[in-house]
Protein chains: 2
Amino acid sequence: MRAQALHGHLDALLLAVLEQGAQHGYAIIEALRARSGGTLDLPTGTIYPALRRLERAGLVAGTWSTVNGRERRTYQLTDAGSRALAGERAGWREFSATVGRFLGPAEPPATPA
Amino acid sequence: MRAQALHGHLDALLLAVLEQGAQHGYAIIEALRARSGGTLDLPTGTIYPALRRLERAGLVAGTWSTVNGRERRTYQLTDAGSRALAGERAGWREFSATVGRFLGPAEPPATPA
DNA sequence: GCCCGACAAGTAGGCTTTCTACGCATGAGG
DNA sequence: CCTCATGCGTAGAAAGCCTACTTGTCGGGC
């Protein structure tokens with residue numbers, strides 16, 4: 001899937017991943033790929049700038065650590081980040097409900113029971 | 001709601017509105033506002049260029065008509081537009097399912113029983 | 001007669017966000 | 001020695017939507 005379509009929701013996804021525990025950029029990329037079943041395969045050039053943006057905004061806190069001689073920047077959700085995530089979640093719900101009203105009520109094939 | 005978040009889905013919304021019958025730009029804006037319960041209130045500067053883009057792409061066909069001395073451009077879904085809409089719908093479903101996996105499975109606050 | 005608000009379409013310039021492509025560095029395996 | 005996987009990062013370009021503005025008709029209030 002084009003992450004292009006994410007536009008504006010990428011930040012929310014990153015926060016959501018970090019909600020489950022602090023991680024470094026590379027691991028976040030893999031987490032997104034894994035949790036989405038391979039659908040979300042975002043390039044580093046998308047993730048790293050986004051993380052720095054979130055850091056500048058105070059939603060995540062980054063700390064350097066060295067693992068096997070390799071420098072890692074581990075990002076952790078801040079309080080503000082948690083609050084922002086809650087807002088993003090609410091926003092996503094409204095957004096998906098609204099768009100879903102036009103593009104199909106988000107009723108997947110479903111196997112409804 | 002910021003239509004900014006639409007990014008890439010606006011075309012799909014327009015096609016979806018036109019699916020229910022040909023309409024002119026101004027009416028489309030009102031249809032979006034009405035059907036979304038007021039959530040989607042898109043400015044003309046967003047809709048009109050988008051419609052022309054869709055027209056250039058051959059997804060809608062526009063025809064001029066004069067009503068009460070006022071010029072109207074009525075847009076109608078083309079075959080290609082219908083097909084595109086189907087694709088957009090599928091794309092939306094995948095997209096919302098994927099993002100929903102991270103931001104909450106579309107489970108609203110719910111008052112859980 | 002004049003002005004304003006609703007209807008109706010459109011353009012121009014700017015902003016934000018993401019993508020592509022590249023650079024730099026370490027450690028392991030061939 | 002060279003390459004690949006890990007790991008971080010920047011630069012420039014492309015895409016999409018927004019704000020603000022312009023043009024024009026019609027109807028109502030003053």
Side-chain angles (χ1 to χ4, degrees), chain A residues 1-15 22-34 39-57 59-75 88 91 95 98-99, chain B residues 1-15 17 22-34 39-57 59-75 88 91-92 95 98-99:
Chain A
M1 170 187 308
R2 280 301 113 81
Q4 203 146 27
L6 292 178
H7 228 99
H9 300 293
L10 174 60
D11 292 6
L13 288 185
L14 294 178
L15 294 176
Q23 303 210 41
H24 60 287
Y26 198 88
I28 291 175
I29 293 174
E30 294 187 322
L32 284 168
R33 190 166 41 215
T39 309
L40 282 175
D41 194 5
L42 306 183
T44 67
T46 295
I47 300 300
Y48 291 124
L51 285 171
R52 310 201 110 235
R53 207 170 47 226
L54 291 175
E55 190 178 16
R56 259 193 315 253
L59 304 184
V60 303
T63 50
W64 285 107
S65 55
T66 306
V67 176
N68 273 7
R70 285 200 202 89
E71 297 271 294
R72 271 189 190 168
R73 189 152 181 81
T74 303
Y75 290 97
E88 295 275 10
F95 171 71
T98 302
V99 178
Chain B
M1 171 186 309
R2 282 302 112 81
Q4 204 147 27
L6 291 179
H7 230 99
H9 301 293
L10 174 61
D11 292 5
L13 288 184
L14 295 178
L15 294 176
V17 168
Q23 304 209 41
H24 62 285
Y26 198 88
I28 292 176
I29 293 175
E30 293 187 323
L32 284 168
R33 192 166 39 216
T39 308
L40 281 176
D41 193 6
L42 306 182
T44 67
T46 295
I47 299 301
Y48 291 124
L51 285 171
R52 311 202 110 233
R53 207 171 46 227
L54 291 175
E55 190 178 17
R56 258 193 315 253
L59 304 184
V60 302
T63 51
W64 284 107
S65 55
T66 305
V67 177
N68 272 8
R70 286 200 200 89
E71 297 272 292
R72 272 189 190 170
R73 191 152 180 80
T74 304
Y75 290 98
E88 295 274 10
W92 165 254
F95 172 71
T98 302
V99 178

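Throughout, protein chains are lettered first and strands after them, A, B, ... in sequence-line order, and every chain is numbered starting at 1. Because the structure is a prediction, the values reported are computed rather than measured.
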Notebook entry, point to check: Taking for each residue the nucleotide of DNA chain D bearing the nearest heavy atom, is the 5' side occupied by A/W64 or by B/N68?
Noted result: A/W64
Margin query: If the cut-off is 4.0 Å, is B/R73 near the phosphate of C/dA9, judged by side-chain N/O to OP1 or OP2?
Written below: no
Item checked: Rounded distance (nearest 0.5 Å) linking atom CZ of B/R52 with atom CG of B/L54 -> 12.0 Å
Check: Between A/H9 and A/F95, which heavy-atom pair has the shortest distance, and what is it?
Finding: NE2-CE2, 3.5 Å
Check: C/dA8 phosphate, OP1 or OP2: any side-chain N/O from B/H24 under 4.0 angstrom?
Finding: yes
Item checked: Pairwise distance OH(B/Y26) to OG1(B/T44) - rounded to 0.5 angstrom -> 9.0 Å
Note to self: Working to the nearest 0.5 angstrom, can you tell me the gap between B/H24 NE2 and B/E71 CD?
What the structure shows: 12.5 Å
Margin query: For A/T74 versus A/A22, what's the shortest heavy-atom pair and its separation?
Written below: CG2-CB, 3.8 Å
Next item on the list: Rounded off to whole Å, could you give me the CZ-to-P distance for the B/R52 and C/dG10 pair?
Entry: 5 Å
Note to self: From CG of A/L6 over to C1' of C/dC19, roughly how many Å is that when rounded to an integer?
What the structure shows: 12 Å
Note to self: At less than 3.5 Å, do the side-chain atoms of A/T44 and the base atoms of D/dG9 form a donor-acceptor pair?
What the structure shows: yes
Check: What is the distance, rounded to the nearest whole Å, between atom OH of A/Y26 and atom P of D/dG9?
Finding: 15 Å
Checklist line | Whole-Å gap separating C1' (D/dG7) and OH (A/Y48) | finding: 5 Å
Next item on the list: Could you tell me whether A/G25 contacts a base, only the sugar-phosphate backbone, or nothing, with contacts defined as non-hydrogen atoms closer than 4.0 Å?
Entry: sugar-phosphate
Checklist line | Listed nucleotide nearest any side-chain atom of A/R70, set D/dT10, C/dT26, C/dA9 | finding: C/dT26
Note to self: In this structure, how many angstroms lie between the C1' atom of C/dA8 and the OH atom of B/Y75, rounded?
What the structure shows: 11 Å
Item checked: B/T46 side chain, from C-beta outward: closest of C/dC7, D/dC17, C/dT11 -> D/dC17
Checklist line | Distance in angstrom units between B/L42 CG and D/dC17 C1', rounded | finding: 10 Å
Note to self: If I take atom NE2 in residue B/H9 and atom C1' in nucleotide D/dC17, what distance separates them, rounded to the nearest angstrom?
What the structure shows: 13 Å
Notebook entry, point to check: Of the nucleotides D/dC18, D/dC8, C/dA8, which has the atom closest to the B/P43 side chain?
Noted result: D/dC18
Next item on the list: Find the distance A/E30:CD to D/dG7:P and express it as a whole number of Å.
Entry: 7 Å
Next item on the list: Identify whether any heavy atom of B/G69 sits under 4.0 Å from a base atom; if not, whether one sits that close to sugar-phosphate; answer base, sugar-phosphate or nothing.
Entry: sugar-phosphate
